[in-house]
Structure formats: structure tokens, C-alpha cells
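Contents: one structure, followed by commentary.
Values in this document were obtained by computation on a predicted structure and should not be read as measured data. All chains are named by letter (A, B, ...) in the order of the sequence lines, taking the proteins before the strands, and each is independently numbered beginning at 1.
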Amino acid sequence: MDKQQIARKVLERLKKRYQLKTALTWKNAWELLVATVLAAQCTDERVNKVTPVFFEKWPDPSKLANAEIEEVEKVIRSTGFFRNKARNLVNTAKILIEKYNGQVPKTMEELVSLPGVARKTANIVLGNAFGIQEGIAVDTHVKRLAFRIGLTKNTTPNKVEQDLMKIFPKKEWSNVNHLLVYLGREVCKARKPNCEKCPLNDICEKNI
DNA sequence: CTCCCGATAT
DNA sequence: ATATCAGGAG
């Protein structure tokens, strides 16, 4: 069975079990950008506890651009890396006001130029807020599962993304991220993967 | 490569 | 106590 066939089965089986959207709470590109930045090394569950307060205080870039950095730090503290995240979000808000008319840009190049935004975050925003399949968001779950299943021999996010882009059809790129993340959280966990309960058990190389 | 960093599971 | 959590920058 080649990688394309495995990829087809992965999509087919996981689509029966999981949703095709993020577990983050957001209602526009700005909110998704903020939520995704906050999600670095933090569970989406935790992010969803912080973002309602955040969006109430700073519902758009113009509000956040004028915020006190200490207040932002206070609100997002529980998500970890709070100093970096607060500084990056406020600076991003200022850039959006100055260069992008207060709007979240819709290209990879522009998004990754923002502080605290690299390909993973940009892919999430492009795919989910704008419906643009520019690449595949490779986070800790996607990286781990792609390697374990046997879809890649690489371990760096960029190389894993390149491998996955060759294997999965473009229209599924956003779904690849969502489905692998959900399986990674529930079954193929970093510490104790539950292979017995895994819907991919028979097609997985189990490179654990 | 290291650093950023609080919350949670094991 | 330690590993890990929807990463990114220096």
C-alpha cells in the first residue's frame, strides 16, 4: 500500500469520527489569528477560557494596538509564554493598523512577516478564516502522527509539511490538520498512545 | 541549539 | 518530579 492509499484511508476513517473545523472559539480572522498565536504550547481548551475576556476587551486590532502591555499579559498569563505572546500580539495589531488597513492579510508572505506568526499559524488562519489552502499546518500533533503512521521520515515541521503536501490532495490540506490533531489528542497521544482503540491501527507503521 | 512559561496528566 | 500542551524567535 503506497502513501497515497494510506492517506485516502486516513481521511476516510477520521472523517467519520471527527469534525472538520478547529476546536478554537473564533468568529472572524482577527479572533482566529489571536487564538492561534495563544495556542502555542497550550491546549485549545485553555485558550478558549482566555479568548472571551480578550475579545471583550480588544475586539479588533485598533483596540489592541492601544492596550497596556501589562494588562494583556495579565489576561493571557495562563496560556504560558505570556510575555512573548502579549508583545507579539500588540505589535501585530499595530502593524495591521499601519500597513493593512486594520485587516488580517490573506497571503502567506504577509502573515509570516507578523511577529509571532510562522507557517503553522499562517496556515491555520488562511485555511480556516479565508478558505485558502496554501499549505498544511504542522503542529506538534501533526508532526508526531505523520511520523508514527509512516507518512514521513522527517521530524522538522517544514519538511513534514512538504512531505504531507505531496501525499494529500490540496482540497484536503486544511482537513489533514484538523483530523490528525483530534486523533492525536484523543488516541495517538504523545505519552501513552492507545493503539488498540485507534481507527488507523491496521495501516499504521507504529513508528513510536 | 536555547529560551520563553503556566497548567495539567502521569 | 517530569513530560507535554494546536510554536516561534534569536
Side-chain angles (χ1 to χ4, degrees), chain A residues 14 17-26 29-51 53-54 69-93 95 104-105 108-130 133-149 154-162 164 168 172-194 197 208:
Chain A
L14 296 185
R17 193 173 296 233
Y18 302 115
Q19 56 180 353
L20 297 177
K21 58 188 180 72
T22 85
L24 295 170
T25 304
W26 57 281
W30 162 248
E31 291 192 356
L32 181 57
L33 176 60
V34 171
T36 309
V37 168
L38 292 178
Q41 292 292 296
C42 176
T43 62
D44 51 351
E45 189 181 353
R46 167 78 32 204
V47 174
N48 287 338
K49 289 180 180 175
V50 166
T51 46
V53 181
F54 192 106
I69 192 77
E70 290 80 7
E71 192 182 359
V72 180
E73 289 181 355
K74 190 175 168 188
V75 169
I76 70 171
R77 164 177 278 274
S78 68
T79 68
F81 300 158
F82 62 91
R83 292 187 185 87
N84 285 338
K85 289 175 181 176
R87 175 167 36 81
N88 287 334
L89 285 171
V90 170
N91 286 336
T92 286
I95 293 170
V104 177
M108 174 64 71
E109 188 182 355
E110 291 169 322
L111 282 168
V112 299
S113 76
L114 301 171
V117 178
R119 284 193 65 90
K120 182 263 174 177
T121 299
N123 275 324
I124 294 293
V125 172
L126 288 171
N128 293 277
F130 300 135
Q133 311 269 1
E134 179 76 21
I136 297 175
V138 176
D139 54 52
T140 182
H141 291 300
V142 174
K143 187 180 82 161
R144 185 180 69 253
L145 269 67
F147 185 81
R148 283 180 175 175
I149 294 168
N154 288 304
T155 53
T156 66
N158 282 343
K159 287 185 177 179
V160 171
E161 183 183 359
Q162 290 173 34
L164 294 180
F168 288 94
E172 302 285 1
W173 284 359
S174 189
N175 294 335
V176 171
N177 171 269
H178 297 134
L179 295 171
L180 291 183
V181 167
Y182 288 123
L183 183 66
R185 292 195 339 181
E186 185 186 282
V187 180
C188 193
K189 294 176 285 189
R191 288 208 201 180
K192 225 180 64 177
N194 192 351
K197 290 281 181 60
I208 300 174

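A/Asn48 and A/Glu45 share no donor-acceptor pair across their side chains, judged by distance under 3.5 Å alone. A/His178 and A/Asn128 are linked by a side-chain donor-acceptor pair at a separation below 3.5 angstrom, with hydrogens and angles left out of the test. One side chain, A/Asn123 or A/Glu161, offers a donor N or O that lies under 3.5 Å from an acceptor on the other.
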Yes or no on side chain to side chain contact (heavy atoms under 4.5 Å, CB included) for A/Val37 and A/Thr92, after CA distance, side-chain angles and deciding distance? CA-CA 11 Å; A/Val37 168; A/Thr92 286; over 6 Å; no
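C/dA1 sits 24 Å from B/dC5 when the P atoms are compared, rounded to a whole Å. Comparing the same atom, P, in B/dA7 and in C/dG8 gives a spacing of 22 Å after rounding to whole Å. Taking atom C1' on both B/dC4 and C/dT4, the two are 15 Å apart, rounded to the nearest angstrom.
For A/Phe82 and B/dA7, the CZ to C1' distance is 13 Å, given to the nearest whole Å. To the nearest angstrom, C1' of B/dC4 lies 12 Å from CD1 of A/Ile76.
Taking the side chain as every heavy atom from C-beta outward, A/Leu180 and A/Leu14 approach each other to under 4.5 Å.
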Treat primed atoms plus P, OP1 and OP2 as sugar-phosphate and everything else as base, then score nucleotides 4-10 of chain C 5' to 3': B for base contact with protein heavy atoms under 4.0 Å, S for sugar-phosphate contact only, - for none. SBBBSS-
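Ring geometry for A/Tyr18 against A/Tyr182 counts as parallel: the plane angle stays under 30°, on a 0 to 90° scale with 60° as the upper cut.
Taking 4.0 angstrom as the limit, A/Arg46 places a side-chain polar atom (N or O) nearer than this to OP1 or OP2 of B/dT8.
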